[in-house]
Amino acid sequence: MSNPPPSPPSLQDLRKEIDAIDEQVHRLLMARGDIIDRLIQVKKTQEVGSAFRPAREASMMRELVRRHRGILPLDTIESIWRVIISTFTYVQAPFAVHADVSVGESAMRDSARFHFGFVVPYVSHFSAQAAVEAVAKSKGDLALVSAIASRTPWWNALEADGAPKIIARLPFLERADHPAALPVFVISRVADDAMVTEVQTWSVRVSGWNADVARALAPLAEIVAVPDTAFDGAALLVSVTGQDLENKGFEAIKLALIKAGASVRSSALVGSHATRYTVPSNGSART
């Protein structure tokens, strides 16, 4: 005679399991806070600039995708981890996020809140230049500006030694229907060992800029261009990827500009960030 199948657990039993897990999660977060407190004592605020660690954070978010499974949406997991990371960063060294809302206030606010939560102060500005200027006057604040379009060449202010630099491109995890999909650059001052240099960003001023030159450059790099009618040219923000860096790097971009008929008036490295990390619908991430 076969034994009857075991009866399913009761709702009360399952809820007790959930409560036990919730308690563990809370205790682990408090334990993480204890470690951060010890970390603060070790650092003694000796680091210059923001406590934001773009290289480490990009690596952590990629590992999150590789590890994730189950019914919980990746959006939820990413947002939870972003709030945890950003809040503990803020606890180490308080900072504010200065956002250029000229590209769309709701989209920029969604990006800021998704990536930095509600504890970190949010300050809106009506231009990218104003957001960058606010960061330049601060000790460790961040600026968020559009990574795909601009009305002014705000990146010129990043050229000088000691000026803030582009340190990240958000979102770290790109995918269809991302709740904070607006592509933005993060600008701040961070320690050199915190930077990730998979993509270099260059400020370039050229003469002879036209549609043909733009088309010639399009396959080689991502470009944000602001026309400069005074010099019949443009101010460019050029993002050079790792593959291009191996192939003569930025020099290849300069040669392409000259070959297309433009003249390079000046160029300066104004930051770097991680490569774009895309998560397609099947969940297999790719760079």
Side-chain angles (χ1 to χ4, degrees), residues 2-36 39 51-92 97 99 103-120 122 142 144 147-148 168-186 196 198-199 273-287:
S2 61
N3 295 325
S7 59
S10 67
L11 289 176
Q12 185 176 5
D13 289 338
L14 292 174
R15 285 166 182 157
K16 285 182 179 179
E17 288 187 44
I18 291 174
D19 289 344
I21 291 172
D22 287 346
E23 182 180 349
Q24 291 178 50
V25 171
H26 188 194
R27 291 186 183 281
L28 287 171
L29 285 174
M30 290 189 291
R32 194 183 199 277
D34 292 339
I35 295 173
I36 294 297
L39 181 65
F52 193 57
R53 315 293 290 184
R56 176 168 166 76
E57 292 192 23
S59 176
M60 290 172 69
M61 301 315 295
R62 293 174 181 183
E63 185 58 32
L64 197 69
V65 174
R66 298 188 185 102
R67 185 174 61 230
H68 186 59
R69 62 175 179 81
I71 65 172
L72 192 61
L74 183 59
D75 288 342
T76 303
I77 288 296
E78 183 185 1
S79 64
I80 290 172
W81 249 259
R82 286 303 317 159
V83 170
I84 290 172
I85 293 168
S86 298
T87 302
F88 279 120
T89 301
Y90 177 78
V91 169
Q92 291 182 61
V97 172
V103 296
E105 185 170 5
S106 59
M108 184 60 80
R109 184 179 291 272
D110 285 348
S111 178
R113 292 309 188 196
F114 183 91
H115 292 101
F116 300 99
F118 286 86
V119 172
V120 177
Y122 172 85
L142 308 177
L144 301 184
I148 56 176
R169 188 185 193 277
L170 300 177
F172 281 116
L173 307 177
E174 298 188 26
R175 56 191 177 279
D177 302 321
H178 193 292
L182 181 69
V184 298
F185 285 128
V186 181
V196 55
E198 295 169 354
V199 178
H273 61 83
T275 53
R276 297 169 62 178
Y277 199 65
T278 304
V279 184
S281 56
N282 63 11
S284 300
R286 66 175 184 271
T287 56

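When reading the values below, keep in mind they use all heavy atoms of this one structure, side chains included, and skip hydrogens, waters and symmetry mates.
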Are [X] and [Y] packed together at the side-chain level, in the sense that at least one heavy-atom pair is separated by less than 4.5 angstrom?
X: V279; Y: E174; answer: no
X: V186; Y: F52; answer: yes
X: I77; Y: L72; answer: yes
X: P54; Y: H273; answer: no
X: F116; Y: L142; answer: yes
X: T278; Y: R175; answer: no
X: R32; Y: I84; answer: yes
X: M61; Y: Y277; answer: no

Inter-residue atom distance [X].[atom1] - [Y].[atom2], 0.5 Å rounding:
X: L64; Y: I80; atom1: CG; atom2: CD1; answer: 9.5 Å
X: I148; Y: L182; atom1: CD1; atom2: CG; answer: 6.5 Å
X: L173; Y: D75; atom1: CG; atom2: CG; answer: 9.5 Å
X: K16; Y: D19; atom1: NZ; atom2: CG; answer: 9.5 Å
X: H115; Y: F172; atom1: NE2; atom2: CZ; answer: 7.5 Å
X: L29; Y: F88; atom1: CG; atom2: CZ; answer: 6.0 Å

Looking at the rings of F114 and H178, which for Trp means the six-membered one, are their centres under 6.0 Å apart?
yes

Check step by step if side chain to side chain contact (heavy atoms under 4.5 Å, CB included) holds for E63 and R66.
CA-CA 5 Å; E63 185 58 32; R66 298 188 185 102; 3.6 Å; yes

Tell me whether [X] is salt-bridged to [Y], with the criterion being a basic N under 4.0 Å from an acidic carboxylate O.
X: E198; Y: R169; result: no
X: R27; Y: E23; result: yes
X: E57; Y: R62; result: no

Considering residues, nucleotides and ligands other than R67, do more than 12 of their heavy atoms fall under 6.0 Å from its CZ?
yes

Could you tell me whether D177 atom CG has more than 12 heavy atoms of other residues or ligands within 6.0 Å of it?
no

T87, V97, V83 screened by side chain to side chain contact (heavy atoms under 4.5 Å, CB included) with V120, the one that passes:
V97

Between A58 and A274, which heavy-atom pair has the shortest distance, and what is it?
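Scanning both residues completely, I find the closest heavy atoms to be CB-CB, 3.9 Å.
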
